[in-house]
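The structure under discussion appears below in the form of structure tokens.
First the proteins, then the strands, lettered A, B, ... as listed; each starts at 1. Quick caveat: nothing in here was measured; it's all calculated off a predicted structure.
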Protein chains: 2
Amino acid sequence: MPRLTDARKELRRTQITEAALRCFSRKGLERTSIAEITAESGLSAGSIYTHYRNKAELVQASAHAALAKHAELLGTYAASQSPPDPDELLARLIDGIDPVKSRVAVQVWGEATVDPIIRGVLVDMIDRLRSMMQTCIEAWLVKLEGLEPAEARERAAPIAQRVLALYLAELLHTSLQSPTEQAAS
Amino acid sequence: MPRLTDARKELRRTQITEAALRCFSRKGLERTSIAEITAESGLSAGSIYTHYRNKAELVQASAHAALAKHAELLGTYAASQSPPDPDELLARLIDGIDPVKSRVAVQVWGEATVDPIIRGVLVDMIDRLRSMMQTCIEAWLVKLEGLEPAEARERAAPIAQRVLALYLAELLHTSLQSPTEQAAS
DNA sequence: GTCTATACGATGATAGAC
DNA sequence: GTCTATCATCGTATAGAC
């Protein structure tokens, strides 16, 4: 197994998706052309197509990468020894929102409306977010509010649901606030 | 002033946007071609371009139409004699969500991320929604909770903010639940 | 005002050299 | 694996007849 080769391969793929994410944040998932991604990545069209079968695959990979970063942040809190209360959790998550990534995230929402694969990626990620929030809130209810594990689990679910909703709304809000450097089509 | 002519003109325009909205709901704002809208509307490309300067203008008009319908529903509650409490208000709004329109609405969010004009339309509509929610909640606080108008106004704002957030999140949820009849790009 | 037919541009994707 | 050059396709927008 050529481990080094695989690692380099993956490195190239992320190099491409990183460049793509920057382009998407400026022009959107659809209106970004492959040419722009080649310019941003410093690679060529041919090279990109050896790593991704077509543009749809690249968009999917980029969407996954964009959403995963949101989950990463939450993961650190979920694993924390002293879990924050729901308000504090929400505040920290909001504080961690990156305007650039928020734009791509909201674009992914729109695309998920129409593309089943992107939708699968998004639904999956949202479920993971909710699950992690629930874990975090559950731990808080047990450790700091003194609830029984059984009752904590029961009460954590609806709270997590609402924290998630407020977080998503804030994501939308952020994506609309940050200025666009791009003229209308 | 040829009033009848203007009325017919407006009628044609809505006929076009209605057809466009159905197409958008299936294929998205960008991947819907003018040809598909002509087919859906029963008109021709030439006809459409006499009513809208270009596709961007048509998308803007359609976006406005899609969002306005959400506001209409809320307007009836805001003007109601017996305003519902926040939970009930939210429940009714959610109950009134149309899956087809929810998809277009979320697509508009994504587009607003990139297109300043669409963003203006969206931000405007969101502000109107929040304002109407606030009015509704304010009336409820005064009439049914017996608060002073001054305090009601103060306390209504953050509640409206949260109801709005929960509503938007539910809109996203609905847009992801309804099945897509369209293959990936 | 509406249609048919078309020009023009843009873009996704590939072939073949290195 | 990567690049350059190219192709084929598709979609917007327009011109001109009715």
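- Each side chain to side chain donor-acceptor pair (under 3.5 Å) pair with one or both residues in residues 153-173 of chain A, not counting sequence neighbours, appears once here: A/His70-A/Tyr167, A/Arg130-A/Gln161.
- For residues 57-76 of chain B, the salt bridge (charged side-chain N to carboxylate O under 4.0 Å, His left out) pairs, not counting sequence neighbours, are B/Glu18-B/Lys69, B/Arg53-B/Glu57.
- For residues 32-40 of chain A, proximity to DNA chain C is found at A/Thr32, A/Ser33, A/Ile34, defined as any non-hydrogen atom under 4.0 angstrom from a strand atom.
- Residues passing the side-chain contact (heavy atoms from CB on, under 4.5 Å) test with A/Ser33 are A/Ala35, A/Glu36, sequence neighbours excluded.
- Rounded to whole angstrom, the span from the OH atom of A/Tyr49 across to the P atom of C/dT11 amounts to 12 Å.
- Checking A/Ile94, A/Leu176, A/Ile97 one by one against A/Leu171, the side-chain contact (heavy atoms from CB on, under 4.5 Å) holds for a single residue, A/Ile97.
- Between the side chain of A/Tyr52 and the backbone N or O of A/Arg13, at least one donor-acceptor pair lies under 3.5 Å.
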Mind running salt bridge (charged side-chain N to carboxylate O under 4.0 Å, His left out) on A/Glu138 and A/Lys143 for me, showing each step along the way?
-> CA-CA 9 Å; A/Glu138 212 174 306; A/Lys143 287 191 187 171; over 6 Å; no
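- The nearest whole Å value for the distance from the CG atom in A/Asn54 to the P atom in D/dA8 is 20 Å.
- Between the CZ atom of B/Phe24 and the NZ atom of B/Lys101 there is a distance of 15.0 Å, given to the nearest 0.5 Å.
- Surrounding NE2 of B/His64 are at most 12 heavy atoms belonging to other residues, nucleotides or ligands under 6.0 Å away.
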Pairs: protein N or O with nucleotides 1-6 of chain D N or O, under 3.5 Å:
{"unit_1": "D/dG1", "atom_1": "OP1", "unit_2": "A/Lys9", "atom_2": "NZ", "d": "3.0"}
{"unit_1": "D/dT2", "atom_1": "OP1", "unit_2": "A/Arg12", "atom_2": "NH1", "d": "2.2"}
{"unit_1": "D/dT2", "atom_1": "OP2", "unit_2": "A/His51", "atom_2": "NE2", "d": "2.8"}
{"unit_1": "D/dC3", "atom_1": "OP2", "unit_2": "A/Ser44", "atom_2": "N", "d": "2.9"}
{"unit_1": "D/dC3", "atom_1": "OP2", "unit_2": "A/Ser44", "atom_2": "OG", "d": "2.7"}
{"unit_1": "D/dC3", "atom_1": "O5'", "unit_2": "A/Ser44", "atom_2": "OG", "d": "3.4"}

Find every protein N or O atom lying less than 3.5 Å from an N or O atom of nucleotides 16-18 of chain C, and list the pairs.
none

Is there a side chain to side chain contact (heavy atoms under 4.5 Å, CB included) between A/Leu89 and A/Ile137 once you walk through the steps?
-> CA-CA 9 Å; A/Leu89 173 63; A/Ile137 292 168; 4.3 Å; yes
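- Residues A/Lys55 and A/Leu29 approach most closely at NZ-O, 3.5 Å, considering heavy atoms.
- Across the protein-nucleic acid pair, B/Lys55 atom NZ and D/dT14 atom C1' stand 17 Å apart, rounded to whole Å.
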List the steps, then state whether side-chain hydrogen bond (donor to acceptor under 3.5 Å, both in side chains) holds for A/Arg103 with A/Ser175.
-> CA-CA 5 Å; A/Arg103 279 205 292 269; A/Ser175 77; over 6 Å; no
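- Atom CG in A/Leu58 sits about 16 Å away from atom P in C/dT11, given to the nearest Å.
- Regarding B/Glu30, its CD atom lies at a distance of 12 Å from the P atom of C/dG12, rounded to whole Å.
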